[in-house]
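All chains are named by letter (A, B, ...) in the order of the sequence lines, taking the proteins before the strands, and each is independently numbered beginning at 1.
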Amino acid sequence: MSPNQNKRARQYWLMKSEPDEASIDDLAREGTLPWTGVRNYQARNFMRDTMQIGDGVLFYHSSCPEPGIAGLAEVCSTPYPDPTQFDARSPYYDAASKPDAPRWLLVDVRYERKSTLIPLAALREHEELADMVVLRRGNRLSITPVTPAEWRFITGKLMR
DNA sequence: GCCAACGTTGGC
DNA sequence: GCCAACGTTGGC
């Protein structure tokens, strides 16, 4: 049996964060951050079932004056329960989730680099990114997959 | 603040 | 299981 049996190619993600809560500068200062607050099952399932340590992350600023990609990060932990779901004083508190059966999981992400902001409007200008999940009409998912081609185009051609 | 789009809830 | 009502996201 090959030692690489269980490895798979690096995958890529776009993860939205409101900079008021956690910006690329916060991540740069802290080094790593737990991705707290995801309360959507599809986004949770990406973290729980598909993400692996080392996966690439486009760090996206949302719900702010200039939404767009603000830098790069990397998944740096396996999934574990989001502690804020058990904290009654947290805005992310979920009274229905019990510690012996946590409903919400998260991963940690590690800072890689900050970039000049790539605005949402700029992403929409490129034919190469026409099928990006995050750009689809009506999309609200806070974590979306990014194809290798999209990753290469954004990090190689758009990022400064 | 508006509103399109989508997810969740809960009555039936 | 259906589906209307409601809540949330997030760009503009």
Practice problem: Could you check W35(A) against Y80(A) for ring pair (Phe, Tyr, Trp, His ring centres under 6.0 Å), going step by step and ending with a plain yes or no? | Solution: CA-CA 10 Å; W35(A) 207 264; Y80(A) 64 95; over 10 Å; no
Self-check item: salt bridge (Lys or Arg N to Asp or Glu O under 4.0 Å) between D82(A) and R39(A), worked out
Solution: CA-CA 10 Å; D82(A) 180 344; R39(A) 295 295 180 269; 3.1 Å; yes
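- Take S90(A) and apply the side-chain contact (heavy atoms from CB on, under 4.5 Å) test, not counting sequence neighbours, and it matches T84(A), D87(A), Y92(A).
- Reading DNA chain C from its 5' end, the first and the last nucleotide to sit under 4.0 Å from a heavy atom of chain A are dG7(C) to dC12(C).
- A donor-acceptor pair shorter than 3.5 Å can be found between the side chains of S97(A) and Q85(A).
- Ring to ring, Y60(A) and W13(A) are not that close: their centroids are 6.0 angstrom or more apart.
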